[in-house]
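Chain A is the first sequence line, chain B the second, and so forth, proteins listed ahead of strands; every chain is numbered from 1.
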There are 2 protein chains.
Amino acid sequence: MSPTTTARPLTEASSDPAYLALADELEALVARLDPGDRLPSEHELTASHSVSRLTARASLQELEGRMLVRRVRGAGTFVARRIEYPVGPSMPPSASEMVRRAGGIPTSQIVSVQHRRPTAEVRDALGLGSDDRVVAITRTGQVDGLPASFGTSHLPADLASGITGYLDDGASIYRLLSDEFGLTPVRSWARAELVVVPRDVAPELGADGRPLVWRLESCNEDRSLGRPVELSQTWLRADVYRVRFELGEGE
Amino acid sequence: MSPTTTARPLTEASSDPAYLALADELEALVARLDPGDRLPSEHELTASHSVSRLTARASLQELEGRMLVRRVRGAGTFVARRIEYPVGPSMPPSASEMVRRAGGIPTSQIVSVQHRRPTAEVRDALGLGSDDRVVAITRTGQVDGLPASFGTSHLPADLASGITGYLDDGASIYRLLSDEFGLTPVRSWARAELVVVPRDVAPELGADGRPLVWRLESCNEDRSLGRPVELSQTWLRADVYRVRFELGEGE
DNA sequence: GAGTGGTCTAGACCACTAC
DNA sequence: TAGTGGTCTAGACCACTCC
């Protein structure tokens with residue numbers, strides 16, 4: 001409205017470029033808001049801070065890079081909900097439990113259930129022979145309705161082919177194995193890594209570009225059977241899950 | 001030169017925006033080059049692909065986001081050297097060893113060595129009393145001359161205050177403890193997390209903005225002494241180190 | 001239909017690196 | 001000094017979401 005003349009350093013200190021100063025100002029704002037709250041739009045920031053749209057945009061993208069906000073085309077920029085996800089020697093905490101603990105609402109859907117020949121990688125992990133089959137259960141997960149995870153669990157068909165009858169959206173495979181099949185899976189190994197999301201996985205996670213995501217693989221075995229009963233391979237959005245690794249401490 | 005009229009999809013397939021198509025084209029180029037090789041400059045891409053500088057720039061920034069290249073103001077855009085850095089229950093591989101294994105040249109300098117009272121966090125980790133002192137050794141590390149790591153090791157002063165005489169740039173604290181002090185440190189616990197680099201650490205890592213970095217903490221103890229002998233807290237550039245977590249497998 | 005973020009152009013000035 | 005990437009402006013059109 002009023003003729004504010006030139007672009008100056010905003011509130012923040014000294015030599016930062018305008019978009020970083022604005023980003024820091026917005027970061028302080030985010031800290032006062034709740035997950036899901038909307039931030040000012042690019043247009044609003046352009047008007048209120050007398051900067052070009054590109055500068056306003058750069059500041060919001062900076063916050064997206066810091067994983068503090070999530071931007072949705074046509075809708076706006078929203079405070080992100082971050083889920084703590086510890087990975088350690090003890091059994092993995094249920095992902096949906098961690099979401100609820102962070103105040104979020106977890107949902108999930110089954111994408112496909114397939115009876116099929118395993119790949120060599122899956123066959124090795126599950127200790128199967130070349131004629132054995134697996135049940136491959138692929139699911140997507142959301143936090144507060146937004147895509148957050150995507151992955152596949154492989155179960156030896158001879159152990160768990162009857163599982164298809166029990167599956168429904170939101171089912172816990174761990175609980176099915178233990179309640180319906182009398183198995184008590186414990187982790188035999190796990191791996192985790194931060195990678196650029198593959199082209200084909202990106203849309204499953206609602207990702208526009210090629211952001212960084214977590215790749216988690218873990219294998220569970222049943223002690224009494226003495227053999228692996230589940231291999232799970234999962235992608236997690238890094239802006240949703242804060243994966244933290246812990247070794248030792250109280251072993 | 002000639003009046004190329006409108007912007008069209010470039011070489012790549014279908015519906016990708018121009019900057020992503022160009023990024024994918026450059027990613028293929030990066031795969032054929034060696035670490036340290038220079039990519040075309042923004043200006044060169046502007047001319048060769050008939051796009052605006054902003055579009056050329058966006059494609060190079062996309063590659064930077066994928067951690068495939070490293071951009072240096074005034075110098076150019078270069079293929080990044082990525083260092084595998086496995087973290088698991090076994091003793092940590094020497095960081096400089098992993099750098100050499102990846103074909104890089106590791107260097108390091110001591111920033112400061114301080115005899116001081118530990119913070120509560122350090123005191124707890126090392127199991128010290130309120131009057132005990134520690135030696136805090138802060139170092140920076142480079143890969144091929146570029147900043148890559150920054151961290152501090154805390155040693156109980158009663159065990160290692162004589163270590164100052166042995167320290168020089170490039171020294172391995174593990175080796176000093178074992179060779180000169182008769183200790184055999186083994187990991188008692190470790191933690192790792194991906195975080196936005198704090199303001200004060202960013203310049204130590206040669207970071208312009210506020211990129212994502214690894215935060216590693218680990219505590220080593222001596223079995224025969226039965227007490228902690230080193231707490232190390234380290235920041236690693238995520239575009240240099242590919243941290244990978246491994247639990248179990250061959251325990 | 002109004003508002004949002006996603007892409008893109010054609011300029012400009014600057015800080016910095018390398019020579 | 002020439003070339004690099006870093007920042008910034010003032011426009012424009014588009015795809016998308018929400019009402």
Side-chain angles (χ1 to χ4, degrees), chain A residues 4-10 12 14-23 26 36-65 69-78 145-146 202-203 206-211, chain B residues 1 3-10 12 14-23 26 36-65 69-78 145-146 202-203 206-211:
Chain A
T4 41
T5 49
T6 59
R8 315 221 146 282
L10 305 172
E12 285 296 307
S14 49
S15 56
D16 273 358
Y19 84 96
L20 273 185
L22 181 48
L26 290 171
D37 286 355
R38 225 203 74 190
L39 271 70
S41 72
E42 297 177 358
H43 178 71
E44 288 166 345
L45 291 174
T46 296
S48 65
H49 288 74
S50 307
V51 294
S52 75
R53 190 186 153 205
L54 193 79
T55 301
R57 176 179 177 70
S59 67
L60 289 171
Q61 282 182 316
E62 172 71 18
L63 292 195
E64 189 177 32
V69 302
R70 184 142 171 189
R71 288 158 65 73
V72 182
R73 188 203 309 231
T77 301
F78 305 89
L146 295 171
D208 283 324
R210 305 282 302 282
Chain B
M1 284 303 162
T4 41
T5 49
T6 60
R8 316 222 147 280
L10 304 172
E12 285 294 306
S14 48
S15 56
D16 273 358
Y19 83 95
L20 273 184
L22 181 48
L26 290 171
D37 286 355
R38 226 203 73 187
L39 271 71
S41 71
E42 296 178 0
H43 178 72
E44 288 166 344
L45 291 175
T46 295
S48 65
H49 287 73
S50 307
V51 294
S52 74
R53 189 186 152 203
L54 192 78
T55 300
R57 176 179 178 71
S59 68
L60 289 171
Q61 282 182 317
E62 171 72 17
L63 293 194
E64 188 177 32
V69 303
R70 185 144 172 185
R71 288 159 64 72
V72 182
R73 187 203 308 231
T77 301
F78 305 89
L146 295 171
D208 282 325
R210 305 281 302 280

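- Every residue was checked against the salt bridge (charged side-chain N to carboxylate O under 4.0 Å, His left out) condition with R73(A), not counting sequence neighbours, and none meets it.
- Using a 4.0 Å cut-off, some side-chain N or O of T77(A) falls inside it from OP1 or OP2 of dG5(C).
- Here dG6(C) is the nucleotide among dT9(D), dG6(C), dG6(D) with the atom lying nearest to any side-chain atom of R57(A).
- Residues that satisfy the side chain to side chain donor-acceptor pair (under 3.5 Å) test with E62(B), not counting sequence neighbours, are R66(B).
- Closest approach to the Y19(B) side chain among dT7(C), dG5(D), dT4(C) is made by dT7(C) (side chain taken as heavy atoms from C-beta onward).
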Strictly under 4.0 angstrom, non-hydrogen atoms only: write out the protein contact profile of nucleotides 14-19 of chain D, one letter per nucleotide from the 5' end, B, S or -. -BBB--
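- Not counting sequence neighbours, S59(B) has no partner by the side chain to side chain donor-acceptor pair (under 3.5 Å) test.
- Remark: R71(B) is in phosphate contact with dG6(D), judged by side-chain N or O atoms under 4.0 Å from OP1 or OP2.
- Candidate nucleotides dT7(D), dG5(C), dT9(D) were compared by shortest atom distance to the side chain of L54(A), and dT9(D) ranks first.
- Taking the salt bridge (charged side-chain N to carboxylate O under 4.0 Å, His left out) definition, one finds that R70(B) meets it with nothing, sequence neighbours left out.
- Under the side chain to side chain donor-acceptor pair (under 3.5 Å) criterion, T55(A) pairs with S52(A), not counting sequence neighbours.
- Here dG6(D) presents its P atom at 7 Å from CD of Q61(B), a figure rounded to the nearest Å.
- Closest to the S41(B) side chain, of the nucleotides dT7(C), dC8(D), dG5(D), is dG5(D).
- Between dT4(C), dA10(C), dT9(D), one nucleotide has an atom nearer to the side chain of T55(A) than all others, and that is dT9(D).
- Within 4.0 Å of R38(A), counting heavy atoms only, lie sugar-phosphate atoms of the nucleic acid but no base atom.
- For R53(B), the listed nucleotide lying nearest its side chain is dT7(D); candidates were dG5(C), dT7(D), dT4(C).
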